[in-house]
Amino acid sequence: MNHTHTEKKAKPVAPKVIELIARTKSIILATTDGEGNPNSSYAPFVRVDETFYILVSFMAKHTRNLSAGRKVSVLFIEDESAAKQIYARERLTLETFPVQVERDSEQWNRVVEKLAETHGKVVDVISEMGDFILIALRPVRGSYVNGFGSAYFVDENLEIIEHRNDVNHKSNK
């Protein structure tokens, strides 16, 4: 079957993005330190009021990077075992702005309770440890991919803005 670049593809609606987030229990974090050195890691998360929250320890390098307030990239990605094609795994990459939540504030208590509901009693234990902090990750913008030729820009509300068209998809033939 010959596909031309003039064919119109249907825009996925935001619920596809929300479904991917709902199937994901942890996010992959890409942070940088003060010298710009990269660090990748992961953290379990919850989404409350359009913001993603992670409870992380200062023992981890990514937490020190996050607490500095530099933007962080987060990745939600389809499980490899569920992917029909490993090169075309469904994924959402977001540029986010991290903000530390004040311990024992109303927001802290509400989010930690939601984390415990989602991830179990371990949250009750680690949230009491002094080296754990709660970080809010507020989306700025990002991209959603759900297959070959199906890549879209998303806004801070996780709404599809536009198809990424054929940016950087030139053939070497």
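Numbering starts at 1 and runs along the sequence shown.
Residues meeting the side-chain hydrogen bond (donor to acceptor under 3.5 Å, both in side chains) test with T93, sequence neighbours left out: none. In this structure, the salt bridge (Lys or Arg N to Asp or Glu O under 4.0 Å) partners of D49, at least two apart in sequence or on a different chain, are R110. In this structure F52 satisfies the ring pair (Phe, Tyr, Trp, His ring centres under 6.0 Å) test together with F45, F76, sequence neighbours excluded. For R70, there are no salt bridge (Lys or Arg N to Asp or Glu O under 4.0 Å) partners, not counting sequence neighbours. Partners of S26 by side-chain hydrogen bond (donor to acceptor under 3.5 Å, both in side chains), not counting sequence neighbours: none found. Not a single side-chain hydrogen bond (donor to acceptor under 3.5 Å, both in side chains) links E78 to another residue, sequence neighbours left out. In this structure, K114 has no side-chain hydrogen bond (donor to acceptor under 3.5 Å, both in side chains) partners at least two apart in sequence or on a different chain. Every residue two or more places apart in sequence or in another chain that forms a salt bridge (Lys or Arg N to Asp or Glu O under 4.0 Å) with E50 is listed here: R47. The salt bridge (Lys or Arg N to Asp or Glu O under 4.0 Å) test applied to E106 returns no partner, not counting sequence neighbours. Residues passing the side chain to side chain contact (heavy atoms under 4.5 Å, CB included) test with E102, sequence neighbours excluded: S105.
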Practice item. Starting from the C-alpha separation in whole Å, work towards a yes-or-no answer on side-chain contact (heavy atoms from CB on, under 4.5 Å) for L137 and I27. Key: CA-CA 11 Å; L137 298 168; I27 52 177; 3.8 Å; yes

Practice item. Kindly determine whether I133 and V56 satisfy side-chain contact (heavy atoms from CB on, under 4.5 Å), including the steps that lead there. Key: CA-CA 6 Å; I133 62 172; V56 289; 4.2 Å; yes

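When all heavy atoms of N37 and D33 are compared, the pair lying nearest together is N-OD1, 2.8 Å. The two residues S57 and T63 come nearest to each other via the heavy atoms O-OG1, 2.6 Å.
With side-chain heavy atoms closer than 4.5 Å counting as contact, directly or through intermediates, the hydrophobic cluster containing V46 also holds V48, Y53, L55, V101, W108, V111, V112, L115, V122, V123, V125, I126, M129, F132, L134. Grouping Ile, Leu, Val, Met, Phe, Trp and Tyr residues whose side-chain heavy atoms lie under 4.5 Å apart, directly or via other members, places I28 in a hydrophobic cluster with L75, I77.
Looking only at distances, no side-chain donor or acceptor of S40 sits under 3.5 Å from a matching main-chain atom of A30. Within the 3.5 Å criterion, the main-chain N or O of F58 finds a donor-acceptor partner in the side chain of R64. Side-chain N or O atoms of D79 include one that pairs as donor or acceptor with a backbone N or O of S81 at under 3.5 Å.
No single ILVMFWY cluster, assembled from side-chain heavy atoms under 4.5 Å apart, contains both V145 and F148. Residues L20 and L94 share a hydrophobic cluster, clusters being chains of Ile/Leu/Val/Met/Phe/Trp/Tyr side chains in contact below 4.5 Å. Residues V99 and V72 do not share a hydrophobic cluster, defined by chaining ILVMFWY side chains whose heavy atoms lie under 4.5 Å apart. By the criterion of side-chain heavy atoms lying less than 4.5 angstrom apart, applied directly or through intervening Ile, Leu, Val, Met, Phe, Trp or Tyr residues, V154 is grouped together with I18 in one hydrophobic cluster.
Around NZ of K61, the count of heavy atoms belonging to other residues, nucleotides or ligands within 6.0 Å exceeds 12. Applying the 6.0 Å contact sphere to OH of Y42 captures no more than 12 heavy atoms from other residues, nucleotides or ligands.
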